[in-house]
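Remember, it's 1-based here, ligands and their atoms both numbered in the order they're listed.
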Amino acid sequence: HYGDVTDSLMIINLIRKVKPNEIYNLSAQSHVAVSFQIPEYTANVDALGCLRILEAIKSLNLTKKIKFYQAGTSEMFGKVQEVPQTEKTPFYPRSPYGVAKVYGYWITINYRESYDIFACNGILFNHESPLRGLEFVTRKITDGVARIKLGIQNELLLGNLEAKRDWGFAGDFVHAMWLMLQTDKPDDYVIATGEQHSVRDFCEIAFGTVGLNLEDYVGVDPRFYRPAEVETLLGDPGKAKTELGWEPQVTFEQLVTMMVEEDIKRIEREIKLES
Ligand code: G4F
């Protein structure tokens with residue numbers, strides 16, 4: 001089905017047609033840096049998009065039939081108010097994206113409390129895989145490392161190398177989303193690994209995987225700095241562990257290695273096709 005969460009009627013018609021048991025709202029303008037350039041569009045999709053789906057569930061009288069998952073984000077913690085961040089940590093978003101997601105978070109809780117919808121917020125920290133878009137730093141690095149290793153690129157320009165993130169494997173995190181909707185009572189959960197690394201650490205391991213040294217290839221370009229930066233994020237997944245029985249399976253090193261290896265294989269295939 002085609003769709004767009006800026007179109008209320010389309011959402012209503014689609015839900016009426018598909019009659020889903022579960023809805024996972026992963027729709028978003030999810031690029032933090034881009035949200036500074038298109039803040040109004042970001043709010044329309046990321047904040048009001050969530051409201052439109054909840055309002056459709058309510059107006060179709062499906063509040064007892066559909067479970068709803070809202071993709072919250074660690075970007076809502078922004079300028080962090082405590083370390084590590086838990087479900088109780090106050091939000092301090094640092095981008096139009098983070099601000100819009102805070103609206104999505106609260107409107108989900110408001111519809112849960114007002115209309116008894118089974119609605120959960122997952123507060124997911126950064127989650128990566130070989131399918132990640134090239135606009136995000138992890139994939140930009142692993143793609144760059146693969147190209148440098150294969151001799152078709154000779155430098156990698158990045159922004160803030162000191163930013164720290166709690167990076168996990170997307171496959172593990174999607175499992176946590178599903179677990180949230182299999183419980184008896186809707187609630188909100190932090191999904192994170194509880195481990196933190198800098199962009200520089202990510203580069204070090206990625207270049208190390210192919211026997212190269214990051215100092216020889218990585219440069220800093222202020223074009224990739226953001227008007228307001230989230231310097232550090234570290235989640236405490238304790239509640240998800242206790243209540244959902246969830247634990248990440250893929251380590252940071254395994255994640256970086258997996259992404260570099262997949263990029264090398266993909267680029268080698270592309271080179272072969274071209275020759
Ligand atoms: O990979 P990023 O663009 O991800 P960011 O901003 O943390 O957001 C991602 O994770 C969130 C979960 O916390 C999601 F909600 C969101 O939708 C998205 O998936 O940047 C990570 C860090 C930033 O501090 C950024 O400034 O890496 C830094 N960085 C340094 N050089 C760079 C670059 N980021 C990008 N995209 N490109 C660079 O060249």
Side-chain angles (χ1 to χ4, degrees), residues 25-38 41-43 45-47 49-50 70-80 84-85 89 91-105 121-129 131-145 153 155-170 172-174 176-177 189-204 206 214 217-237 252 255-256 259:
N25 180 29
L26 312 186
S27 65
Q29 190 302 96
S30 65
H31 304 283
V32 175
V34 171
S35 77
F36 288 95
Q37 285 155 36
I38 47 171
Y41 174 78
T42 302
V45 173
D46 298 11
C50 175
Q70 165 61 11
T73 161
S74 52
E75 281 295 304
M76 299 189 298
F77 296 123
K79 191 172 176 185
V80 297
Q85 294 84 57
T89 304
F91 297 138
Y92 193 140
R94 294 269 283 170
S95 63
Y97 167 79
V99 174
K101 283 287 190 176
V102 171
Y103 177 91
Y105 172 89
N121 282 292
I123 307 175
L124 270 55
F125 283 62
N126 299 48
H127 40 290
E128 317 292 317
S129 86
L131 299 175
R132 186 58 137 156
L134 290 166
E135 307 82 0
F136 298 91
V137 78
T138 54
R139 218 15 239 313
K140 180 171 169 184
I141 295 168
T142 60
D143 176 77
V145 166
Q153 186 172 316
E155 63 171 356
L156 177 62
L157 296 178
L158 297 168
N160 181 7
L161 296 180
E162 308 317 322
K164 295 189 178 67
R165 289 291 182 274
D166 179 330
W167 276 295
F169 173 54
D172 287 339
F173 282 43
V174 171
M177 295 178 193
Y189 297 90
V190 160
I191 304 298
T193 69
E195 236 187 73
Q196 189 187 56
H197 299 271
S198 65
V199 172
R200 187 185 291 281
D201 295 337
F202 194 106
C203 288
E204 213 164 273
L214 86 103
Y217 302 98
V218 174
V220 170
D221 185 334
R223 264 189 311 141
F224 299 114
Y225 290 158
R226 295 169 182 187
E229 173 67 297
V230 172
E231 292 293 347
T232 173
L233 288 171
L234 175 64
D236 174 357
F252 180 68
L255 174 65
V256 180
M259 291 178 68

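Using cut-offs of 30° and 60° for the angle between ring planes, the Phe252 and Phe202 rings count as perpendicular.
The main-chain N or O of Phe77 is never found under 3.5 Å from a side-chain atom of Glu75 such that the two would form a donor-acceptor pair. Formation of a donor-acceptor pair under 3.5 Å by the Gln85 side chain with backbone atoms of Leu234 is found in this model. At least one donor-acceptor pair closer than 3.5 Å links the side chain of Arg139 to the backbone N or O of Arg132. Put simply, the side chain of Asp166 gets close to the backbone of Gly194: a donor and an acceptor are under 3.5 Å apart. Formation of a donor-acceptor pair under 3.5 Å by the Thr73 side chain with backbone atoms of Met76 is not found in this model. The closest donor-acceptor contact from the side chain of Arg200 to the backbone of Glu162 lies at 3.5 Å or more, if one exists at all. A side-chain donor-acceptor contact under 3.5 Å links Asn121 to the backbone of Tyr105.
Only the side chain of Phe224 comes within contact range of ligand 1, with a heavy atom under 4.0 Å; no backbone atom does.
The protein atom (non-hydrogen) at minimum distance from atom 17 (O) of ligand 1 is Ser30 O, 2.7 Å. Ser74 OG, 2.4 Å is the protein heavy atom nearest to atom 13 (O) of ligand 1. In terms of protein heavy-atom proximity, atom 11 (C) of ligand 1 is closest to Thr73 OG1, 3.8 Å. The nearest heavy-atom contact from the protein to atom 26 (O) of ligand 1 is Glu229 OE2, 2.6 Å. In terms of protein heavy-atom proximity, atom 23 (C) of ligand 1 is nearest to Arg165 NH2, 3.4 Å. Looking at atom 31 (N) of ligand 1, its nearest protein heavy atom turns out to be Gly159 N, 2.8 Å. The protein non-hydrogen atom at the shortest distance from atom 10 (O) of ligand 1 is Asn126 ND2, 3.1 Å.
Atoms of ligand 1 found under 4.0 Å from any heavy atom of Tyr97 (numbered from 1 in listed order, with element): 14 (C), 15 (F), 16 (C), 17 (O). Atoms of ligand 1 lying under 4.0 Å from at least one heavy atom of Ala163, given by number and element, are 24 (O). When each atom of ligand 1 is checked for a heavy atom of Lys140 under 4.0 Å away, the hits are 38 (C), 39 (O).
Proximity of Tyr225 to ligand 1 is not established, as no heavy-atom distance is less than 4.0 Å.
The residue from His127, His31, Arg132 that puts a heavy atom closest to atom 19 (O) of ligand 1 is Arg132. Considering each of Glu75, Glu135, Arg226, Gln29, the one bringing a non-hydrogen atom nearest atom 2 (P) of ligand 1 is Arg226. For the residues Leu161, Asp166, Val137, Asn160, the heavy atom positioned nearest atom 32 (C) of ligand 1 is part of Val137. For atom 27 (O) of ligand 1, the candidate residues are Val199, Val230, Val32, Leu134; the nearest heavy-atom contact is made by Val199.
Of all non-hydrogen atoms in Val190 and Gly235, the two that sit nearest each other are CG1-CA, 4.4 Å.
Between Phe125 and Trp167, the distance from one ring center to the other does not fall under 6.0 angstrom.
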